[in-house]
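Structure, as structure tokens:
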2 protein chains.
Amino acid sequence: MKNTEVLEERITAQGCTEHLSAVEDAIYVIGGKWKLKIIIVLQENGNIRFNELQRNIPGISARVLSNELKDLELNGFVKRVVHAEQTPVVVEYISTDYSRTLQPVIMALSNWGKTHKRNIREDAF
Amino acid sequence: MKNTEVLEERITAQGCTEHLSAVEDAIYVIGGKWKLKIIIVLQENGNIRFNELQRNIPGISARVLSNELKDLELNGFVKRVVHAEQTPVVVEYISTDYSRTLQPVIMALSNWGKTHKRNIREDAF
DNA sequence: CAGGATCCTGAGCGATACTG
DNA sequence: CAGTATCGCTCAGGATCCTG
């Protein structure tokens, strides 16, 4: 118990830092206001087109949606499918298998968000 | 908003909106660059003082830490304890029971972040 | 329809200095 | 030690218009 401060820090930070950096990495990729929402909508609807996607995510602008989709595609969460045989060209977005690895995260957040809202309404702490 | 929009949203978004808004609520409270990190450090160390807390969260400034702590306290995640009997005054922060309800979220994020980093290193998609 | 191009604002954040 | 006060910036995100 009477170890030096240096040792204490190293010990407590060790278990911590791991968690800390892992969560940091996760937030870096799926953080932000829209990423997870887009992924959710993409997962619940199979194929979905740009404008319908936008309609399903209240408040997002075309510009932002476009940028986020590029980002998500780069990171392997979304697949962009172009049907060139039609005119005007039809573009569809689908979620990848990899995006499905996020399901535990989404569920945890969703559950927590739900009970949190309930708590807020009851207590007004 | 137009009537058509409202109706469309209600139909397509039905299953989705629930998840969507719950996740949105969660992100609203614990989103941002620092909140979860602070909560993690607070949970791993029992009582912790301001400067030590800052040292445990690489990169955070005093100003930001101070603001975030106020916010977290308002939302019931952190308890601020002042030991007035000493001079200079000692202030300690501890995580609340309520902050422990976030553990599933933290674990999910941490796990995902860990495997994601591994994937990144292997594939370079 | 599926975005791109521009312009713009503001929240969030960082750095530094200062105080009881 | 435990913050506050200022200042200033970056950049995610908003608004609007445009196009193949």
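Every chain is numbered from 1 and lettered A, B, ... according to where its sequence line falls, protein lines coming before strand lines.
Nearer the 5' end of DNA chain C, as judged by each residue's closest nucleotide, is the contact made by A/Arg49, out of B/Ile60 and A/Arg49.
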Between protein and nucleotides 17-20 of chain C, what N or O pairs are separated by less than 3.5 Å?
none

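A search for side chain to side chain donor-acceptor pair (under 3.5 Å) contacts involving B/Asp25 returns A/Lys117, not counting sequence neighbours.
Between A/Glu18 and B/Lys114, at least one side-chain N (NZ, or NE/NH1/NH2) sits under 4.0 Å from a carboxylate O, which counts as a salt bridge.
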Please list every donor-acceptor pair under 3.5 Å in which a side-chain atom of residues 77-84 of chain B meets a protein atom from a residue at least two apart or in another chain.
unit_1	atom_1	unit_2	atom_2	d
B/His83	NE2	B/Glu92	OE1	3.0

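Residues B/Leu102 and B/Ile30 meet the side-chain proximity criterion, which asks for heavy atoms closer than 4.5 Å. Residues B/Trp112 and A/Thr101 form a side-chain contact, since some pair of their non-hydrogen atoms from C-beta on lies under 4.5 Å apart. Counting heavy atoms from C-beta on, the side chains of A/Val91 and A/Arg49 never come closer than 4.5 Å.
Contact record, A/Ile40 with B/His19: CG2-CB, 4.1 Å, taken as the closest heavy-atom pair. Contact between B/Ala22 and A/Ser110 at its shortest, heavy atoms only, is CB-O, 3.4 Å. Residues B/Leu20 and A/Asn56 come closest through the heavy atom pair CD2-O, 3.6 Å. Smallest separation of non-hydrogen atoms from A/Val105 and B/Ala108: CG2-O, 3.6 Å.
For the residue pair B/Tyr28 / A/His116, no side-chain donor-acceptor distance below 3.5 Å is found, with atom types taken as modelled.
Fit an axis to the five pairs at each end of the helix from C/dC1-D/dG20 to C/dG20-D/dC1 and the two axes sit 50° apart, to the nearest 10 degrees.
Heavy-atom distances under 4.0 Å link DNA chain C to no residue of residues 29-36 of chain A.
Applying side chain to side chain donor-acceptor pair (under 3.5 Å) to A/Ser95 and the options A/Gln43, A/Glu44, A/Arg100 leaves one that passes, A/Arg100.
Nucleic acid contact for A/Ser66: sugar-phosphate only, since backbone atoms but no base atoms lie under 4.0 Å from a heavy atom of the residue. In this structure, A/Glu92 reaches neither bases nor backbone, as no heavy-atom distance under 4.0 Å exists between it and the strands shown.
Scanning DNA chain D 5' to 3' for nucleotides with an atom closer than 4.0 angstrom to a non-hydrogen atom of chain A gives a first and last hit of D/dG13 to D/dA15.
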